[in-house]
There are 2 protein chains.
Amino acid sequence: MKITMQRKILLDELKKLKSHPTADEFFVILRKKLPKVSLGSVYRNLEALSSTGMIRKLECAGSQKRFDGDTSDHYHMRCNACGKVCDYFGNGVSRIGEVLKKVCEEESFIGCNLEFFGTCINCKQ
Amino acid sequence: MKITMQRKILLDELKKLKSHPTADEFFVILRKKLPKVSLGSVYRNLEALSSTGMIRKLECAGSQKRFDGDTSDHYHMRCNACGKVCDYFGNGVSRIGEVLKKVCEEESFIGCNLEFFGTCINCKQ
DNA sequence: ATCGCTGCAAATCTTTTGCAGTAAG
DNA sequence: CTTACTGCAAAAGATTTGCAGCGAT
């Protein structure tokens, strides 16, 4: 994979975000730094980078895929009210990880996707 | 919600299936019993029935949503090779359920989606 | 009789792809 | 120099929606 200017900046910008943008949301953000970038390239590069593990692709619930520059061990919660995706880094992460890992071993699954849903802090008020 | 002929037959046919069809796959199947049904109504009714909990909507990985007439406690594994979705009723179900339930309580999440991926029995050969 | 449901077709939304030019190795 | 990557635009794929007529209550 060639390291092009677009990819460098794209990766950089995604890593900066705490949000988990969809391709088209990210396209708008990225245009501020790369005014000529096309939506097609955004799709291609998000796909390419996630396939190498440099970013994470979130494929759960809802129509649009979302992308996460944070590849550390954590899960996500989607807010039923506003649609936002929040990180979950809590205590449960390791407990969940253990059980899922064990089931994957037992059944020789490769891995899994897990996403919570609920109401985010902003929407609870 | 009115109990129409379409809904009765649609629910009936979905419950019969062990597969987890997409809306368009199910449309083809349903046409054998309801030759005049439209794809739009299939979408509307699968959505309506899943929102009442009478069927399950699987929203994880991959582009198309899938539907499951079996609402009992189980998880799913998507085969990376053939794309099929298989049921997982194994021992891990209760273990997973416990951990996820606990995390949901701790964090006041409403629920979660979990999907495994791997290689199905047919494709392993 | 009312109002939600239906089939149909068109519209919308998301993602992918063909192509000719450009830039990284 | 070669080959992958890019922007653009068009295509493809999935789902939703407007509408006029129909059917369940």
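Everything quoted here is computed from the prediction, not taken from an experiment. Chain identifiers are assigned alphabetically (A, B, ...) following the order of the sequence lines, protein sequences preceding nucleic acid strands; residue numbering begins at 1 within each chain.
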**Message:** I need the minimum non-hydrogen distance between A/T52 and A/M1, along with the two atoms involved.
**Reply:**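 Where A/T52 meets A/M1 most closely, the heavy atoms are CG2-CE, 4.0 Å.
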**Asked** Earliest and latest nucleotide of DNA chain C, 5' to 3', sitting under 4.0 Å from a non-hydrogen atom of chain B?
**Response**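 Boundary nucleotides touching chain B, in 5' to 3' order, are C/dC3 to C/dC8.
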Calculate the interatomic distance between [X] atom [atom1] and [N] atom [atom2]; express it in whole Å.
X: A/N45; N: D/dC5; atom1: CG; atom2: C1'; value: 8 Å
X: A/K8; N: D/dT6; atom1: NZ; atom2: P; value: 12 Å
X: A/L10; N: D/dC5; atom1: CG; atom2: C1'; value: 13 Å
X: A/R7; N: D/dG7; atom1: CZ; atom2: P; value: 11 Å

**Prompt:** Pick the nucleotide of DNA chain C nearest each of A/S41 and B/S38; which residue has the one closer to the 5' end?
**Reply:**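 Whichever sits nearer the 5' end wins; that is B/S38.
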**Asked** Does anything in residues 13-56 of chain B pair up under ring pair (Phe, Tyr, Trp, His ring centres under 6.0 Å), and if so which pairs, sequence neighbours excluded?
**Response**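 Ring pair (Phe, Tyr, Trp, His ring centres under 6.0 Å) check on residues 13-56 of chain B returns B/H20-B/H76.
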**Asked** Applying ring pair (Phe, Tyr, Trp, His ring centres under 6.0 Å), which residue pairs with at least one partner in residues 95-114 of chain A are found, sequence neighbours left out?
**Response**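 Of all non-adjacent pairs touching residues 95-114 of chain A, those that pass ring pair (Phe, Tyr, Trp, His ring centres under 6.0 Å) are A/F109-B/Y88, A/F109-B/F116.
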**Prompt:** Would you say B/V37 and B/L10 make side-chain contact, with heavy atoms under 4.5 Å?
**Reply:**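 Contact flag for B/V37/B/L10 side chains = no.
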Keeping to residues at least two apart or across chains, list the salt bridge (Lys or Arg N to Asp or Glu O under 4.0 Å) pairs with something in [range].
range: residues 66-77 of chain A; value: A/E25-A/R66
range: residues 81-95 of chain A; value: A/R95-B/E106
range: residues 7-16 of chain A; value: A/E13-A/K16, A/E13-A/K33
range: residues 42-58 of chain A; value: A/E47-A/K57

**Request:** Mind grabbing the angle between the end helix axes of the helix from C/dA1-D/dT25 to C/dG25-D/dC1? Five pairs an end, 10° rounding.
**Result:**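 The angle separating the two end axes equals 40°.
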[atom1]/[X]: more than 12 non-hydrogen atoms of other groups inside 6.0 Å:
X: A/N80; atom1: CG; value: yes
X: A/D24; atom1: CG; value: yes
X: A/K124; atom1: NZ; value: yes

**Item:** Listed partners of A/E107 passing salt bridge (Lys or Arg N to Asp or Glu O under 4.0 Å), at least two apart
**Value:**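 Applying salt bridge (Lys or Arg N to Asp or Glu O under 4.0 Å) to A/E107 gives none.
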**Prompt:** Quick one: salt bridge (Lys or Arg N to Asp or Glu O under 4.0 Å) partners of A/K101, sequence neighbours excluded?
**Reply:**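 Once residues adjacent in sequence are excluded, A/K101 has no partner under the salt bridge (Lys or Arg N to Asp or Glu O under 4.0 Å) criterion.
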**Asked** Just by protein heavy atoms under 4.0 Å, how would nucleotides 19-25 of chain D read 5' to 3' in B, S and -?
**Response** ----BBS
**Message:** Under 4.0 Å, heavy atom to any atom of DNA chain C: which of residues 21-37 of chain B qualify?
**Reply:**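 B/R31, B/K36, B/V37 - these, ordered by number, are the residues of the stretch whose heavy atoms sit under 4.0 Å from the strand.
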**Message:** Mind checking if A/Q6 touches a base, just sugar-phosphate, or nothing, with heavy atoms under 4.0 Å?
**Reply:**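 The answer is sugar-phosphate, as A/Q6 gets under 4.0 Å only of primed atoms, P, OP1 or OP2.
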